[in-house]
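Throughout, protein chains are lettered first and strands after them, A, B, ... in sequence-line order, and every chain is numbered starting at 1.
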Protein chains: 2
Amino acid sequence: MKREAIIQTAAEMADEKGFASISMKELADRLGIKSPSLYKHFSGGLDELNKEIMLYGWRLLDSEITKEVIGKAKDDAVIELCYAYRRFVAEHKGLYEAMQWYNMYLSDEHLQASEGMVDVMFRALSSYGLTEEKKVHTVRMIRAFMQGFCTIECHGGYGNPVSLNETFDFALHTILTGIADMQEGTEK
Amino acid sequence: MKREAIIQTAAEMADEKGFASISMKELADRLGIKSPSLYKHFSGGLDELNKEIMLYGWRLLDSEITKEVIGKAKDDAVIELCYAYRRFVAEHKGLYEAMQWYNMYLSDEHLQASEGMVDVMFRALSSYGLTEEKKVHTVRMIRAFMQGFCTIECHGGYGNPVSLNETFDFALHTILTGIADMQEGTEK
DNA sequence: CAATCAAGCTAATCACATTAGCCTGATTAT
DNA sequence: ATAATCAGGCTAATGTGATTAGCTTGATTG
């Protein structure tokens, strides 16, 4: 049994029953082995497994949004990126929970984990001609918005009947307008 | 021993050692009682306790930001609200984790939990003369950004050396500009 | 004064996580 | 070819924390 396959199974389990429900026992059951055997693959136990799930999730998100952004530029690239992100979260609620779980592990790996995605965002912004610093601000703002929006949406935290799709487009529009304003400032 | 006092102690514990470290045993120890006794206050066990911590957190955040917004309007109100929110999270990392934990409990209480804060945001936006729908979009956008930014910041997820305070101000400025643009559209 | 209730306690049960040590088939080195 | 090694599983055993059951006692209430 390959390590990557185990992680993938765990990720599926998270999506089906929630990240919190992942346990060595459950996972072992689903794999048809006994839980102690899992320690042959993850000597660090549940902690290591969770960390691997998190990293797997970021890799997956990275590849999904990369696909969408290829060949696009400016607003088009940013919008597709954000749509892809949101779609990813909707399809991987449990995995996304795991991905946010990188708080107890404040080390290199966690930063690297989301670095791939940050990189894609940077590239998407490259054609706007912003200063490096403004690009950083913008990427951070987009990340923050995306993470917050998707988390709240997933958790059913937005109670109002007003369309969430419209809110999403509205917010993207606001952000893109903000970027456009900055460009004007730059051109002067 | 009063229920509210227990919840408060648990919240302090969360801030000190992280939400994940809260256990019936730990909490009982800190309170000087045995863990089974806690079930006299929380018949629903750990789940109920966690839920109460979450609700306590939202009440607290609600009251903090309400204080800051009183007597202010427009940009001033929004900015103070957001600063207060960010400050709250910085001072209550563990509690804030608990507050986000309302995913497994998708019921009335959870919506009500954050409703107080949403209400304050609405009031802060009242003087802009936006349509109801745009107000909803705006509140959602601000909530999303705030939640994402504070979570990522708290988890140390922003690796770049660029100042986070500047990013925060930058983002608020972008959002406020967006609101201003909408007003123009309305006045026509 | 008796009944009731709140809030603690101890003992017992359960569900994992994790460790220790054993086994077997496949791979590798001699 | 044969012996040594290793990967990947297994069973048995330990430990911790949640939860339940049932007892006790001081305070409240009828």
Practice task
To the nearest Å, give me how far apart CG (A/L31) and P (D/dG8) are.
Solution key: 13 Å

Completion exercise
Between B/V89 and B/C154 the two heavy atoms that sit nearest each other are CG1-SG, 3.7 Å

Handout entry: Presence of A/H41 side-chain N/O under 4.0 Å of D/dA7 phosphate oxygens OP1/OP2
Key = no

Problem - Test of ring centre spacing under 6.0 Å for A/F145 and B/F149 - result: no

Problem - Euclidean distance, atom CG of residue B/D29 to atom C1' of D/dT16 [Å, nearest integer] - result: 12 Å

Practice task
State whether B/D47 and B/K51 are salt-bridged, where the test is any N-O pair (Lys NZ or Arg NE/NH1/NH2 against Asp/Glu carboxylate O) under 4.0 Å.
Solution key: no

Completion exercise
The ring-ring contact (aromatic ring centres under 6.0 Å, His included) partners of A/Y128 (sequence neighbours excluded) come to none

I'd like a list of close polar pairs between nucleotides 25-27 of chain D and the protein, N/O only, cut-off under 3.5 Å.
none

Exercise for the section: Report, as yes or no, whether the 6.0 Å neighbourhood of atom CZ on A/R86 holds more than 12 heavy atoms from other residues, nucleotides or ligands. Expected result: yes

Fill in the blank from the handout: Nearest heavy-atom approach of B/E48 to B/H41 is OE2-O, 4.3 Å

Exercise for the section: Please state whether the rings of A/Y96 and A/Y85 are parallel, tilted or perpendicular, taking 30° and 60° as the class boundaries. Expected result: perpendicular

Handout entry: Over 12 non-hydrogen atoms of neighbours within 6.0 angstrom of NE2 in B/H173
Key = no

Practice task
Please list, chain by chain and in numerical order, all residues satisfying ring-ring contact (aromatic ring centres under 6.0 Å, His included) with B/Y56, sequence neighbours excluded.
Solution key: none

Fill in the blank from the handout: Counting primed atoms, P, OP1 and OP2 as sugar-phosphate and everything else as base, the B/S/- map of nucleotides 17-23 of chain D against protein heavy atoms under 4.0 Å is SSBB---

Fill in the blank from the handout: The first and last nucleotides of DNA chain C lying within contact of chain A, meaning any atom under 4.0 Å from one of its heavy atoms, run from C/dC16 to C/dT19

Problem - Residue list, ring-ring contact (aromatic ring centres under 6.0 Å, His included) with A/Y39, at least two apart or on another chain - result: none

